[in-house]
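Convention: sequence-line order gives letters A, B, ...; per-chain numbering from 1.
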Amino acid sequence: MRLRNGIAYAFLAPYLLIFATFWLWPIISSFLISFQNTRVNPWRFAPSLNWGRLVGDPAFYNALYNTLIILVIQVPVMIALATVMAVLLNSPLLKARPLYRFAFFAPVVVGEVAYAAVFRLMFSIDFGIVNKLLGTVGISAISWFDNATAAMALVIIAVTWRWAGYNAIIILAGLQSVPGDVYEAATLDRVSKVQQFFHITLPLLRPIILFCVVLSVIGTMQLFTEPFLITNRGGPGGGTETLGLLLYRQGFNSLNFGYASAIAYTIAALAVAISLLNLFFGRQAK
Amino acid sequence: MAGLTLTNVVKRFGALQVVHGANLEIADGEFVVFVGPSGCGKSTLLRMIAGLEDVSGGEIAIDGTVVNDVEPAERRIAMVFQSYALYPHMTVRRNLSFGLQMNGNPKEDTERRIAHAADILQINELMDRRPAQLSGGQRQRVAIGRAIVREPQVFLFDEPLSNLDAELRVQMRVEISKLHKQLGTTMIYVTHDQTEAMTLADKIVVLRAGRIEQVGAPLDLYDDPANQFVAGFVGSPKMNFLKGRVEAVGGGSITVSLIADPSVRLTMPVNSMPAEGTPVTLGIRPEHFTDAGAGNADLKVAVDVAEHLGHTSYIYASVADEALIIERPETRHSGHRQDFTVGLPARRCFLFDADGQRLR
Ligand SMILES: Nc1ncnc2c1ncn2[C@@H]1O[C@H](COP(=O)(O)OP(=O)(O)O)[C@@H](O)[C@H]1O
Ligand SMILES: [Mg+2]
């Protein structure tokens, strides 16, 4: 038995080694770094420097505010959209289902830079198709990249476009695990399709939707790509700067790794806290 | 409550036709059992009556009204599914009340119906549990309860007992029978188990490959099967079939001999006269063999295995290459490969032609 275990660990060793070096150690190390003054050479232990700065930093509060606004608007909208997409995908009336499934999932595998470039083109003030379409219904051109509110909306639209299909596929799997004869029984019970959705489908999907919400919360807390690539590094003037961007700016522009580490831990702690709240209230609502 | 009429009902799935023109009359309050081997179209027929499947051809009428284009919800039919199909996230009480509540049934009336169903099915203690916290038998009761509270015109059951263990199956069978007596509502019950069919039905509908083979009271099917399929399907253990040929014809009766033992000859009255030498099949139920010498011919068989159940014994035997099951009361006969002689009473034997049709 012991010999067997030994062999098993020998096979696992390469992975464990890489895991320890590139996962575990950076996590521990960044925690330690967050307590150091990294703007002097060599770094010095200064436990309250970074954390103290964080508490009073307007840039941090701006980034936190932006991140939470995106979170509060984008996650519910996207999950609702994903649920509707999943229900449509699951409809027996739908033809060419695999095609739609692929189409919904495709945004996830499209390269980020390519997708950002396309969005920048589509939302360009002068020749973007979005403003053209808005023009046809009488809405004057919106300068998506220069107006902070519009830029936030753009980030939310982009993130939703990229991840709604992904969540829809997960929710679809949940839908397909509900046995069809439950719906048949409901039909014979004279329960309408709409009632079936709200009283059977949604309650049965609750754990899956909760899972998607938690995943999305974690993802949005780390949001980086869209504000970096689409709205010009958090522009205009920090209007879409998220915690992820602030971390990047502090760490890799200013090379202040101590402060960046403190931000990183704050992001992680907030993501965990919000997810736990979700799970708590999601379970309770039963 | 209502009767049903099926007229030339056809079901196709794409190019595949699975029900080939079913005609059936079901009286108000009757307990009808659809029985047949797996895949013969029992569920499909039931689901068409419920409205869960479209009818490809012909007409289904409930209480004199053609319902082909009536929504399932409007047919006043309740169905009990093989898988129970309970709402997994609802308590038993809510499972029973859900449909009524969604349709704005008055609260007091819903309460009354639930109390009534719970009393009938003795599920009062289970009302606050969820389906996952119930045993198979309890779930089945709840599923039946959900049907009862609907107060439907017709109950449909699709193999409701096949997920239960043998003992529970017998118990629930009796309860369903009681329920029918109590409610007096028309019930249509699907099973592949001929014992269930024999014990429950007022009227059995035997199906094979999408066709109705015979309709009749259980004992009518037992005593007077229309063809070899029905003869083999009804009765347990199965009827024995032995190959034979027509030896002599005349005077309203024919004489047949067994291929396995040409010295065994039986003379039986028939209406249609096959030619001499025609191959036929002789059928006899295991319980209808007699003691040697007491029948119209004796048959010597080699015993393979004997099962003694006390009051009766099943003897698995063979004659030439043909296998037989013989049921004899109070026999202590055992002994592998021993010879055993039984009597064949001609009046208990059936004759079938090469197509399996009964020669009467
Ligand atoms: N939705 C369907 N699509 C295609 N074929 C089906 C469908 N449902 C049933 N069938 C076919 O119809 C035949 C009868 O099925 P069913 O009524 O379920 O049989 P039973 O209930 O007697 O076992 C089977 O051959 C089955 O494969
Ligand atoms: Mg079936």
Side-chain angles (χ1 to χ4, degrees), chain A residues 79-80 82-84 86-87 90-98 170-214 278-286, chain B residues 43 46-54 70-91 94-105 110 113 130-132 139 142-160 163:
Chain A
I79 298 292
T83 308
V84 172
V87 169
N90 199 35
S91 158
L93 301 175
L94 184 75
K95 305 265 185 291
R97 183 178 330 242
I170 297 178
I171 294 170
L172 177 63
L175 276 180
Q176 287 173 340
S177 72
V178 181
D181 53 14
V182 171
Y183 293 108
E184 289 182 349
T187 302
L188 292 180
D189 254 355
R190 312 191 58 196
V191 179
S192 73
K193 286 273 178 277
V194 174
Q195 289 170 331
Q196 287 178 26
F197 177 77
F198 284 105
H199 294 279
I200 298 174
T201 308
L202 270 192
L204 289 178
L205 280 182
R206 184 199 301 284
I208 305 243
I209 289 181
L210 210 57
F211 171 75
C212 287
V213 168
V214 168
N278 267 319
L279 288 176
F280 181 72
F281 285 111
R283 294 263 157 78
Q284 263 205 341
K286 237 182 180 179
Chain B
S43 297
L46 200 69
R47 291 167 58 82
M48 283 195 285
I49 293 172
L52 296 173
E53 298 282 359
D54 290 333
V70 176
E71 288 296 313
E74 306 307 324
R75 295 190 186 189
R76 297 209 45 205
I77 266 177
M79 182 155 166
V80 176
F81 294 79
Q82 178 175 351
S83 58
Y84 318 124
L86 297 175
Y87 309 123
H89 56 300
M90 297 183 191
T91 61
R94 189 112 172 81
N95 260 283
L96 299 188
S97 67
F98 179 58
L100 293 172
Q101 200 191 329
M102 288 293 118
N103 285 287
N105 197 53
T110 304
R113 293 191 194 193
R130 281 174 209 282
R139 280 179 213 181
V142 176
I144 295 172
R146 186 172 63 180
I148 292 177
V149 297
R150 294 271 322 282
E151 298 183 353
Q153 303 189 69
V154 182
F155 281 95
L156 307 179
F157 296 88
D158 193 354
E159 311 221 10
N163 288 343

Between CE of Met90(B) and CG of Leu204(A), what distance do you get to the nearest 0.5 Å? 8.0 Å

For the pair Arg146(B) (side chain) and Ala185(A) (backbone), establish whether a donor and an acceptor sit closer than 3.5 Å, ignoring hydrogens and angles. no

Heavy-atom donor-acceptor pair, Asp181(A) side chain to Phe81(B) backbone, under 3.5 Å: no

Neighbour count above 12 (heavy atom, 6.0 Å) for Phe197(A) CZ: yes

Side chain Glu184(A), main chain Leu52(B), donor-acceptor under 3.5 Å: no

Cut-off 4.5 Å, heavy atoms of chain A, and the answer for Arg75(B) is neither

Please identify which of these residues, Arg94(B), Gln101(B), His89(B), meets the side-chain contact (heavy atoms from CB on, under 4.5 Å) condition with His199(A). Arg94(B)

So, for Thr187(A) and Ala73(B), which heavy atoms are closest and what is the spacing to 0.1 Å? O-CB, 3.7 Å

Gly51(B), Ala147(B), Pro88(B): which one forms the most heavy-atom pairs within less than 4.5 Å of chain A? Pro88(B)

